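Report on the structure given below.
Note that the structure is predicted; figures quoted are calculated from it, not measured. The figures here come from the full heavy-atom set of this structure, side chains too, leaving out hydrogens, waters and symmetry mates.
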Amino acid sequence: MSLDISEITPYNFSVVEKKWQRFWLENKCFKTSTDSSKPKCFVLEMFMYPSGKVHIGHVRNYTIGDIIARYKIANGFAVLHPVGWDAFGLPAENAALKNKRHPREWTYQNIQTMKKQIEALGFSYDWDREFATCDEEYYAYQQKIFLELYKKGLVYRKKSEVNWDPVDQCVLANEQVIDGRGWRSGAVVEKKMLSQWFLKITDFAEELLSEIDRLDGWPEKVRIMQKNWIGKSEGCLIKFKSSINEDIEVFTTRPDTIFGATFVALSPGHPISKKLAEKDEKIKAFLESVKSGPTTTEAIEKQEKLGIDTGITVDHPFLNKKLPVFIANFVLMDYGTGAIFATPAHDERDYDFATKYDLPIIRVIKGNNGDDDSLPFTEDGILIDSDFLNGLNVAEAKKKSIDKLCEIGIGQRKIFFKLRDWGVSRQRYWGCPIPIIHCEKCGVVPLPEDALPVLLPEDVSFDKTGNPLDHHPTWKNVTCPTCRGKAHRETDTLDTFVDSSWYFLKFCANDPKNPNNLLDKNSIAQWMPVDQYIGGVEHAILHLLYARFFTKALAECGFTKIREPFKNLFTQGMVCNNTYRLENGDWVFPSQVQKNDNGDYTLIDTGEKVIVGRSEKMSKSKKNVVDPDAIVSTYGTDALRLFVVSDTPPERDFPWSDEGLEGCWRFINRLWRLFVFAQANGVCAQKCSSNETIEFEKLQQNIQKLYKDYHTAVKNITEALEDRAMNKAVAYIRELVNCLYMNLDNIKENLPVFSVIIRDLIKMIAPISPHICEEAWNMLGFNGIVSENSWPKYDERYTAVETINLPIQVNGKLRGTIDVSIDEKEEIIFEKALALQTVQNAIAGKNIRKKVFVKGKIINFVV
RNA sequence: GCCCGUGUGGCGGAAUGGUAGACGCUACAGACUUAAAAUCUGUUGUCCUUUCGGGCGUGGGGGUUCGAGUCCCUCCACGGGCACCA
């Protein structure tokens, strides 16, 4: 051997990676292909918030996307793979406050920093399409869209109780309130009445729900979450005649249980409740006591059911009987009508309440399977003691009862959704200004197109709390575009979820620098929908639902024709790491901890005892983060990219391990040694004119096997990547590399075979670890760059199995194997199988009752 | 409480109803080296056995099947989502 493989100098990743990153960038290798003969593929990772630094979760997310994009390019697709920044939002203002820096400056500087980091990871982005949502062109266009939505009646303003974050001085969407606390500040959220802008997402509730069934490229989990969030319930409204001169209307999905109704309950917020409170001190006191009730989810859950009898009664619609009316804390005002009728026998909440206040419980449904007499009974069954409903099942009874209620004029079929309209007003500076004027005379006036855009003022102060736009000295003072009278601007800005609801459409623009045509119909028709969207499951509801809605709303306004933005969705798991803390509870960095021989963990510096926590999502506060920059400079991007998709399926949480990363670094070097060794022994482009020239029959047996293993590897790797199972693809790549190492002694006599295999090996690793592949491709004299090359094909002649190591079982237990040709006759196989000593031992003295033979799979003797 | 997901060696994980543990990490051994590192090559579920072999093994229990990690029933544990939505 001319070169000892162990003598090859380590791979110089830092030089190689920089070289090819520069090459790709300078030659615009990943500029979006406009070749219309190719099928299109839009690969999109959820864009980044420019918080300041790229973290390892980003690396995994974008690596998965990049592998898909590069794989699709190799498979002949015209790939759109853009990158951008979700750049508006609160942290920029917080930073402004803290560091006395302008949000714009802070944001763009972060983008610059993070862009450098992203570039160092070697992703195949079309940088020409990069933009940030805080770019003037982008939010200016968003204002145009807002006004179109306004014209269409999809925007309205109403006074509403909002979630007020007293720390951030900001309105929060329902979804931004977690356990009664602001999602960012963690402060207990208060209620406040404010005039707010809303988008009519509820107009699309039915479509948003029904289309979910067709999103079969989405994880089932996300689809269910969205369905639950939209929360459709079908039922009916029923008007009860009451002892006061006002009917009480309730909503129910269980009209079938009407004969079991024993009381009616109003929400504390119900108008009748409020009216009663004016005259009745006890009721007033009750409402007060309920109001100051707990706000956290946990507390609500455990909250006792409380109520007060109003003295009012209502008439049962079918029975000559009066039902008492209560005010009850468990009845929500903002769902249905804020009033219910209660059937304690068949509803848990009603049951709890009835038991507590000693109200009658009347069973009207008998269980299907016999004598289950426990209450409350909420399953399907047969109606009893219910007049015209007797003998029906629940579904039939629902229908018939509604028919009857409608017939006698007190009922009405009705569908309610949990989904609420989307409040988009934010009392904040760093967001898209809402293009509306408030005129003393004309009221709300949308800005005419020629008055757009409304740009954010530069000179703002963040000294005071609240909205800087509101206390800017001049910005909001304008004349009314209609009457020229005194007016002021809307000072609210849009929720940043609006920005992220159409950015994927802007990415489509084939003329990305044209500020007038951000939503280019032709480009959108060409690229949408997104073929593969990749992001965290934390956006399963909010972002994805808003983006779906927005897409539909834009279609209604004639901007586009598509109604669903994301054909396939992939949600990657979080990157987790071990956590360590001291006995006083302080978190410590994993790098500060050492494991001692006795199995204890201690602080390296002080020897202090350390408690090992469980593996949790990496976060700064728990100090279990790793720094991508440090890893890239120690091991290189290729090793990091390989590691984040190795071992663990991408949809699952990824357990970080330094040893695993080092293993990937070793593998990168193992590859490098293979390439260098191969080149030194004559492997090169010229030796592999094409696969077909290889005369398989003339190869030595072990090289035939290698050649077949290679074809099988191509098949396996391709199928794994089609399934987005990068972990499996990596395993098969490693197997192929191991096969090559086994046969290195024969390299010189088999240069065409080795050249072909190594060429395709490079192609197949390239989507995952592109830099080393580009270098090897170049080194071995192949044309062009591997990133623009085609994906290898396998030949079924060589993946077909001819001989097999057939397992032989006796009574389902493995007793041995025999090597036979796949087409060997059954009798001969049985003969050989029976000849095995282990089989003989197992069947000794017993009768063979049955012989099972599955071709190519198994032999089983039943004795 | 309801809905969804997951459970396989010391660890991450493979496995169209057909040889469980591919591939990797860890650990151990051999080769190379004055030595170490690196590298290359092995071994590495567990128990019994000197070997040959064999017993037990995919959260627990049951079932279907010639054959179950895989299908069915049931229970348990962990993770996630929703949560008084009538």
Would you be so kind as to tabulate the donor-acceptor pairs closer than 3.5 Å made by side chains of residues 844-862 of chain A, with sequence neighbours excluded?
{"unit_1": "Lys855(A)", "atom_1": "NZ", "unit_2": "Asp823(A)", "atom_2": "OD1", "d": "3.3"}
{"unit_1": "Asn860(A)", "atom_1": "OD1", "unit_2": "Asn811(A)", "atom_2": "N", "d": "3.3"}
{"unit_1": "Asn860(A)", "atom_1": "OD1", "unit_2": "Gly812(A)", "atom_2": "N", "d": "3.0"}

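- Asp352(A) and Lys356(A) are not joined by a salt bridge, as no carboxylate oxygen comes within less than 4.0 angstrom of a charged side-chain nitrogen.
- If you check U64(B) for Watson-Crick or wobble pairing at under 3.5 angstrom, you find it has no partner at all.
- Nucleic acid contact class of Asp347(A) (heavy atoms, under 4.0 Å, all strands): none.
- Between the NE2 atom of His270(A) and the P atom of C84(B) there is a distance of 19 Å, rounded to whole Å.
- The nearest whole Å value for the distance from the NZ atom in Lys857(A) to the C1' atom in U16(B) is 7 Å.
- Partners of Tyr335(A) according to the ring-ring contact (aromatic ring centres under 6.0 Å, His included) rule, which considers only residues two or more places apart in sequence or in another chain, are Phe416(A).
- Minimum atom distance to the side chain of Leu814(A) is reached by A20(B), of the listed G54(B), A20(B), G12(B).
- Atom pair Lys305(A):NZ and G1(B):P shows a separation of 14 Å (rounding to whole Å applied).
- Among the heavy atoms of the strands lying under 4.0 Å from Gly663(A) are primed sugar atoms or P, OP1, OP2 only; no base atom is included.
- For Ile733(A) and G24(B), the CD1 to C1' distance is 13 Å, given to the nearest whole Å.
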What donor-acceptor contacts under 3.5 angstrom involve side-chain atoms of residues 720-727 of chain A, with partners at least two apart or in another chain?
{"unit_1": "Glu722(A)", "atom_1": "OE2", "unit_2": "Tyr71(A)", "atom_2": "OH", "d": "2.7"}
{"unit_1": "Arg724(A)", "atom_1": "NE", "unit_2": "Gln532(A)", "atom_2": "OE1", "d": "2.8"}
{"unit_1": "Arg724(A)", "atom_1": "NH2", "unit_2": "Gln532(A)", "atom_2": "OE1", "d": "3.0"}

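- Among the heavy atoms of the strands, none lies under 4.0 Å from Arg849(A).
- Within the 4.0 angstrom heavy-atom criterion, only backbone atoms of the sugar-phosphate kind lie near Arg815(A); the bases stay farther away.
- Across all strands, Met742(A) comes closer than 4.0 Å only to sugar-phosphate atoms, never to a base (heavy-atom distances).
- Contact annotation for Tyr741(A): backbone-only contact, meaning every heavy-atom pair under 4.0 Å involves sugar-phosphate atoms and none involves a base.
- The separation of U51(B) from A37(B), taken at their C1' atoms, amounts to 38 Å, rounded to a whole angstrom.
- As judged by a 4.0 angstrom heavy-atom cut-off over every strand, Pro10(A) is placed among residues making no nucleic acid contact.
- Sorted by first and then second residue, the pairs that involve residues 219-236 of chain A and meet salt bridge (Lys or Arg N to Asp or Glu O under 4.0 Å), not counting sequence neighbours, are Glu206(A)-Lys232(A), Asp213(A)-Lys227(A), Glu220(A)-Arg223(A).
- Contact annotation for Lys851(A): no contact, since no heavy-atom pair falls under 4.0 Å across all strands.
- Among the protein residues, Asn727(A) comes within range of the sugar-phosphate backbone only, with heavy atoms under 4.0 Å from sugar or phosphate atoms but none that close to a base.
- U26(B) and U44(B) are spaced 10 Å apart, taking the C1' atom of each and rounding to whole Å.
- A donor N or O paired with an acceptor N or O is found under 3.5 Å between the base of U19(B) and the side-chain atoms of Asn805(A).
- Put simply, Lys813(A) has a side-chain N or O that comes within less than 4.0 Å of OP1 or OP2 on C56(B).
- Contacts of Asn738(A) with the nucleic acid, taken as non-hydrogen atoms under 4.0 Å apart, involve only primed sugar atoms and P, OP1 or OP2.
- OP1 or OP2 of U41(B) has at least one side-chain nitrogen or oxygen of Arg670(A) nearer than 4.0 Å.
- Contacts classified as ring-ring contact (aromatic ring centres under 6.0 Å, His included) and involving residues 713-741 of chain A (residues at least two apart or in different chains) are not found.
- Going from the P atom of G12(B) to that of G79(B) covers 15 Å, rounded to whole Å.
- The partner of G1(B), taking Watson-Crick or G-U wobble pairs whose two distances both stay under 3.5 Å, is C82(B).
- Base contact: Gln809(A) has a heavy atom under 4.0 Å from a base atom.
- Residue contacts for Thr252(A): at a heavy-atom cut-off of 4.0 Å it reaches the sugar-phosphate backbone alone, with no base atom in range.
- Here the side chains of Thr343(A) and Tyr351(A) are not in contact, with every heavy-atom distance at 4.5 Å or above.
- At whole-Å resolution of the value, CG in Leu332(A) and C1' in C84(B) are 6 Å apart.
- The CG atom of Asn743(A) sits 11 Å away from the P atom of U41(B) (whole-angstrom rounding).
- Using a 4.0 Å heavy-atom criterion, one finds that Thr817(A) contacts the bases of the nucleic acid, with or without backbone contacts as well.
- Only the P atoms considered, C23(B) is 29 Å distant from A36(B), to the nearest whole Å.
- Of the P atoms belonging to C82(B) and A20(B), the separation is 43 Å, rounded to the nearest Å.
- Side-chain N/O atoms of Arg652(A) include none lying less than 4.0 angstrom from OP1 or OP2 on G5(B).
- To the nearest angstrom, C1' of A15(B) lies 14 Å from CG of Asp723(A).
- Rounded to whole angstrom, the span from the CD atom of Glu220(A) across to the P atom of G81(B) amounts to 18 Å.
- Rounded to the nearest Å, the gap between the C1' atom of U39(B) and that of C48(B) is 38 Å.
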So which protein nitrogen or oxygen atoms get under 3.5 Å of nucleotides 61-63 of chain B's nitrogens or oxygens?
none

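- Among the protein residues, Val862(A) comes within range of the sugar-phosphate backbone only, with heavy atoms under 4.0 Å from sugar or phosphate atoms but none that close to a base.
- C11(B) and A27(B) are spaced 15 Å apart, taking the P atom of each and rounding to whole Å.
- The same atom, C1', is picked in A77(B) and in A29(B); the two are 39 Å apart, to the nearest Å.
- Close to C25(B), at under 4.0 Å from its OP1 or OP2, lies a side-chain N or O of Arg666(A).
- With contacts defined as side-chain heavy-atom distances shorter than 4.5 Å, the pair Gln572(A)/Phe654(A) does not qualify.
- In textbook terms, a nucleotide whose glycosidic angle is within 90° of 0 is syn, and G9(B) is one such case.
- Proximity of the aromatic rings of Phe341(A) and Phe263(A) is defined here by a centroid distance below 6.0 angstrom, and this criterion is not met.
- Of all nucleotides listed (U26(B), G13(B), C23(B)), U26(B) comes nearest to the side chain of Glu659(A).
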